[in-house]
Every structure is written in C-alpha cells, then in structure tokens.
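One structure below.
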Amino acid sequence: MKKLFLLFAFTLCCSFSCSPAANVTYDRRSLIIDGQRKLLISASIHYPRSVPGMWPGLVQTAKEGGVDVIESYVFWNGHEPSPGNYYFGGRYDLVKFVKIVQQAGMYMILRIGPFVAAEWYFGGVPVWLHYVPGTVFRTDNEPFKYHMQKFMTFIVNLMKQEKLFASQGGPIILAQVENEYGDIERVYGEGGKPYAMWAARMAVSQNIGVPWIMCQQYDAPDPVINTCNSFYCDQFTPNSPNKPKIWTENWPGWFKTFGARDPHRPPEDVAFSVARFFQKGGSVQNYYMYHGGTNFGRTSGGPFITTSYDYDAPIDEYGLPRLPKWGHLKDLHKAIKSCEHALLNSEPINLSLGPSQEADVYADTSGACAAFLANTDDKNDMTVVFRNVSYNLPAWSVSILPDCKNVIFNTAKVTSQTSIVEMVPEDLQPSVTLQNKGLKDLEWEVFVEQPGIWGDADFIKNGFVDHINTTRFSTDYLWYTTSIVVGENEEFLKKGSHPVLLIESKGHALHAFVNQEFQGSASGNGSKSSFKFKNPITLKAGKNEIALLSLTVGLQNAGPFYEWVGAGLTSVKIKGFNNGTIDLSTYSWTYKIGLQGEHLGIYKPEGLNAVKWLLSSDPPKDQPLTWYKAVLDAPTGDEPVGLDMIHMGKGLAWLNGEEIGRYWPRKSSTKEHCVQECDYRGKFRPDKCLTGCGEPTQRWYHVPRSWFKPSGNILVIFEEKGGNPTKITFARRKTSGLCSVVAEDHPMIHKESVAGTENNRTTTPTFSLKCPKDKHISIVKFASFGNPTGKCGSYTKGDCHDPSSTSVVEKLCLAKNECAIQLSEANFNKGLCPGITKQLAVEAVCS
Ligand code: GAL
C-alpha cells in the first residue's frame, strides 16, 4: 500500500513536470546519464533572440529535427541592467525557456559565461561594469571576478531554486563557464592563466551536480571538460584521457554585418563535418546556431552586426525550418542515432580505403556493427571496397552504414525537400477605427529633431571625448557641436566655391550638419570601425554651426581587452580657407548625449504624447532626424512578419513600444565576388559562399506576431538621414513552394533497414513531400519522372519524360498535408529511356 502511495505521489509530482534526479557523469567516450552512455545532438537557440511566444515552436521544430539538447548562453547584460538590479521578464525569462525545453523532454546545456562573445553587445557583460573603478574584464582582477562570481552564483541559485539541474530532476546536463578564453589567455599575460583556473574552480565550487565545460580552453583543469568550437572538430582531442569529445560550436552558417555580403554554409558540408565528428569518436555535437533569431533593439555586437542573426541556421530567423538544411540534418541525425549502440559500446577499427578515404568500424559484443566511410578528397569521387563490397563515395562525403553493409545516408546526397520561401509584401493598413472615420490611406505623424544641442547642453570641453565612455551605451547617439566664424574676405565666399569638411572618427558612423543642413554621412565597416569623412560644404560669412552626430552600431563583443575599444571623433578640419586648413579639433565642443525623442521616450506608449506630432498624408521624405508614427492594423494571415525598410536610410524602429531594432539597408559592393552555386567540397570558410553582392545586407526586420494587436498598433520609426516612409511595407514570410528530387538509385532505398538485419531492404526508392502544419498540397506545378534539369523553382523537362508524371503525383498528393510516392513500375514507366538513371522531380504549392 505504502509502495502504491509512493508511486502515486511520484506520478502526480511528475505530471507537474518534476522528473527524478539524474546522475550525469562522463568518461572518455561520452556523457553518462543514469548509467547510460549518450550520443547527443544539441542545438543553440538563444532565448532573447526570439520571443516567448516562439519558444515552444522553435524547441519543437528542433526536436522534430532529431535534436536532443537545447543550448543557450545566459545574457548577463540583459539580466543585470544596473548593479544588483535583476531582470527576467519577457525575452529574458530564462526559467520559462528552460522549462519549455524540459516539457519537450529535451536536455539543456547552459552556457553561463558570463562572457559570451555571441555577436551580442559587449560580449554579454554589462557596460556599467567597465565603469566600476579598477575593473579589467576577463583577467585576474578583483572587481571583475567579484561581479562575475556574484552573477554566476545568482544564476546557479535561480536554476537550483527551480530544480532545473539534472541532478535535481531538471533538464540541464552541462554548464559552461567563460567562453573561448584559451584562445587569448596568453594575451592577458600574468593575469590570464590564474583567471582561467579561478573561473574553473569557482564554477566547480557552485556544486550544481552536473559537469562543467570550458570551450577552447586547452588547460581546463579536471573535472572541467575542455570542448571544441570550429567548422570541423573531428581532429580535436580533449586535454585528458578521461574526458569525452564534445563540440560546443559547429557553425552551420555565419553572422552578417551591415554592408557585407550574405554567408552560406552548404548543408552537405555541415553534414560532412558532423558525420566526421561522430566517425572520429565524438559524442556531443552542438549547432551554433540552430536558430539564430534576431538582435532586437540595440543588442547586436560587432560593431556593425545586423539586426538579423539568421545565421543561415537550420531554423531561419522567422522560425521556419530552412530546407533542405533542416531536413538533411534531420536525416543525418536519424542515421547517426541508428548507430548509437555500436558507436558507444566498442572501440573503432580504422581502415584505410585509399589515399584520402577511410573507414571507421564500430563492432560491439552484441553483434551490432556500424561503419562510417569517408572520402576527404575535396575534388574526386571515389569507389572504395569495404568488406568485399564496393561503394561509391562522392568527394568530401561520409557514408553511414548502421549494419556495416547498407548505406542509409551519404552527407553529399541531399534527399530532403527544398522550400521556396518568399517575403510577400503587404501595404501598411490604417487602423480599423481610422478607416471607419473614412481614412483610406495611412497617415503618418511626424516630429523632426533639430540638428545639434536640444535642451541644455550636457557639457562643454576643449577637444574630443570618447563616444562610448560618454554615452555608456544609454543611446547610440552623441552630438559633437562647435561653431566657426568665417571672415568676409574668404575667397570661397567670393567665388561661390566650397571648402571641404574633413573628419576622422574611431567609429562607428556619423551624420554631419552645417547650419542645420545635412552634409552627408560616413561609417566604418565590419573589418574596420574607424573611418574618414570628406565632403564639400557651404559656409557663410559670420558664425557657422557645425553639428556632428556620432553613432555606435553595436558594441565590440570579443577580442582581448575588447571593453577598451573606443568610438567617436578624433579630428575635424576644414580645408579651403585663405590660410589653408583650419583644425577644429582643439576648439571648444559642446556635447549632448542622445536625441530628444529618445529622452522623452516618444517610442513608448506612455511617452507618445510628449511631443507635438504633425499629422500628414504626405510626410516629408529624405528628411534627416525625423520621427515617424503611424497607427496600423496587424498584417493579415498568420505567417511571420518582416518590415521592409529598403526605402529608408538608417535608424531605429519600434512597434507598440517593443524594440524592433536598428535598420540600415546598407548595400554590399557590386565589385565583390558572389557565388551562384556553392561548391560544398573542401574546407568551409565564412567567405567561401557569399551571395547578395550589391544588395542591402538586411532589407526585412522581424516583427514578432505576438507584438501585434489586431488593430491600433503603433509603429514608430526614427530616421537619421532621410528615407521615404510611405514606401514601408510589411512582408509575410511564406513558404510558397516545395520541391523534392529522388533518383532511382538513391541510397534511401535502404533507409528503413535496421542495424544488423541485412534482408530488411526496401528496393524501391520513395519520394516524399510534406507541407507546413495545417497546409495542404494544392497545386503540382511541375512533375517529371525522367531526366529533368534545373533548380527548385525552375525545373525543366529533359528528353526523357514519363507523360503521366503529373497525374500520378496529383493523384497521390493533392489535398494532402504529406505524401509518399514509390518510384515503382506501378506508378511510372521504369522501362523508359534505358541506360539512364531516372529521377522524379516535383515542385508543389502548399496552401
Ligand atoms: C565563437 C564564439 C561565439 C560566437 C561565434 C561566432 O568564437 O564563442 O560566441 O561569437 O564565435 O558566431
């Protein structure tokens, strides 16, 4: 009876998501959870880079993609906005996020840092800490260590309170301290190593009951596990023989900077790197990022990191699976998991199959045998013989044989469907209440800031101050203003010619005004934040006002001593006077921190009425320093939404007081090199497969659906240099089409085979298509069984084509959410064009 009661109590408790405590340990092969070896696929999703409404869906999509673990950093500067003031609301609700992971039945890796890099402003460390006297970040420095330990302990205690460590029945199986410190430890001289060792000891002393990791920390002391971050980690070995091989950051894409091209990493290469890692004894692999999300507000690092942190990740910024990448990796995970037992319970035997070809064979005592056959040649496909059977290995690929016989997956052969994703424009619609009053077109309300000092000056000083030390990042903006008196005898006045304004700045960007008139802008770029400005200007006789708006575009997020990197003006001169060039650098400069609209909070619902907005059906265009406001209806449908800012200059945007972020449709150069097709073969680098030459790096800005009310939404834009707000539209992110291609001889023939059971082979390849949830295949746009060519969206029939292709596909797929078609004689004319390996290519529309 007592037993029964306990069982009842336990079940009751667990139905409220309280799980039994788990014992997480490790040895050289893997993590061991409650005595069981684990092979784990992990996925980075950073909670503040999406919104709570998206979290369950993202986690679920990761789970469906074959992911076991969600990994996130903890973002200190989001949680401790001022010393001792903690914030865990909204996007920063860490506990809620971890519980969502737990409810999905997944594990969690918590990378507390608290330094995180992550293309996040100031690498996640609070800006205020830089101004605590005597503080130097990330070295053997008392104030830094004091605040780091205090925050770390706060987070650990919060997790403990909520019973979120696996040792307490929670999902957290690993925690990280610091981040890639080993790569720069030596630059910190004498303070480096003692700090790293202190961080490890301090972490271990937190008694969390699960192991700690330190990535790229070659000297991580026991029991802390050092882990690998790179595009490839198959050659990595931990620093002691009793630690498992863990890959904390496999970058499946890369981040973007304003004004640069778009990086892409091909799915074949991502899959290759993962398969090689498990082939070579790895046991935990994490995608950084699996969903990159959005740097809302001013949270991006850099400088110049875009507001989008899409990362070309398996789940895109808007939350949609990126196909075929997501699907290809899902297939890969399934293949690797089917080898789990053999992999984790045997020593590999390595066989050379050629100069750049090798097999690793894992045969355990139960008779299970799994093999990975790799061809690391980056050009040549090879036929190899393994256990008397010949296998074709495409260049730069791994074949997975969970029974040591049948290939169920090859990293270079993508069988997953591809999607065509579009941004469908939709005009901004005035709010229903306004429409009822007869308003058809959207009306903008406008507030224009005057260039230069508004209200009282903050301070006056001879020469320049550092921008960041002055704003302390309370705003992106700092006004540097001065004046110059021009004598009537200056030649340029008589000739009507123009003196030239010459400015040098440490970064990041600048808009120049003379006598209230906009003179132009200049900015640094991803690789160099400093820049020069050189523009002819118009000066008048007498006093001339020079007002220079200096800007930050994301704070430095990594590198040794990164917190000391400054910004702002270093030199201002005017060339073309009778006496030559006048240097204004040592003049008396008057400073103002931030904009008036920011100061009054006119982007927030409660501050909207702090200024007098002018209503206009024809708002000013190309007008710098302008605030625009409109009251709108939510966009139709339920797809994710972006704001199309291609016709605007540069600035900030908010919806209902929520910070959308910095917009800047800055274009990359047309002169740079972009690829049409990316060759997946060979080592990947972020500059290998770039697209978008001459296009804005970021045109659309994610506005989460949960920020919208059905009607009466307030969109506020601050435009710095001039744009056309009447051309702003929403865009709904829509999967408009799906494609899939499967060949007669595809390795998926063996897909259903089970390890060790050789006869379990399906001989007919199966083609499948699946629409997003609640959508159905409504049109079969293209179908050809034969030798079709082209890419998804532009397939064409070849000279070999089965005329019944479309009707067969329509019969089996129309009106279905998903369908499977066997490439069988019953469905297609297999005898057609003998000697040709035929394939079925289909493009369909889901609606
Ligand atoms: C790593 C770092 C991450 C992230 C990544 C690039 O070095 O640990 O936080 O910055 O690079 O996306």
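Note that ligands are numbered from 1 as they come in the structure, with each ligand's atoms numbered from 1 the same way. Please read all numbers here as calculations on a predicted model, not as lab measurements.
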Is it true that atom NZ of K683 has more than 12 heavy atoms of other residues, nucleotides or ligands lying nearer than 6.0 Å?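 Counting other residues, nucleotides and ligands, NZ of K683 stays at 12 neighbours or fewer.
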Hey, is E249 touching ligand 1 through its side chain, its backbone, both or neither, going by heavy atoms under 4.0 Å?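 E249 to ligand 1: side-chain contact only, backbone stays beyond 4.0 Å.
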Give the contacting part of V116 toward ligand 1: side chain, backbone, both or neither, where contact means a heavy-atom distance below 4.0 Å.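 Backbone only.
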Can the SG atoms of C215 and C228 be said to lie under 2.5 Å from each other?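 With an SG-SG separation of 2.5 Å or more, C215 and C228 do not form a disulfide.
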Which ligand 1 atoms, with their elements, are less than 4.0 angstrom from a heavy-atom of [X]?
X	answer
Y311	6 (C), 12 (O)
A118	3 (C), 4 (C), 9 (O), 10 (O)
F255	6 (C), 12 (O)

Which residue holds the protein heavy atom closest to atom 10 (O) of ligand 1, what is that atom called, and what is the gap in Å?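 Checked against all protein heavy atoms, atom 10 (O) of ligand 1 sits closest to E119 OE2, 2.7 Å.
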Specify the protein heavy atom at minimum distance from atom 7 (O) of ligand 1: its residue, its atom name, and the distance to 0.1 Å.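 Going atom by atom, the protein heavy atom closest to atom 7 (O) of ligand 1 ends up being E180 OE1, 2.4 Å.
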When the side chains of residues 59-66 are checked against the rest of the protein, which donor-acceptor pairs come out under 3.5 Å, sequence neighbours left out?
unit_1, atom_1, unit_2, atom_2, d
T61, OG1, G57, O, 2.7
K63, NZ, A104, O, 2.5

Does W120 have a heavy atom less than 4.0 Å from any atom of ligand 1?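 Under 4.0 Å: no for W120.
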Kindly assign one of parallel, tilted or perpendicular to the pair F255 and Y309, based on the angle between their ring planes and the thresholds 30° and 60°.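 Rings of F255 and Y309: parallel, as their planes differ by under 30°.
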Aromatic ring pairing Y701/Y663, orientation class (parallel under 30°, perpendicular over 60°, tilted between):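 The arrangement is perpendicular - the two ring planes meet at more than 60°.
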Using the ring centroid of each side chain, check whether H333 and Y287 are separated by less than 6.0 Å.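 Under 6.0 Å, so yes.
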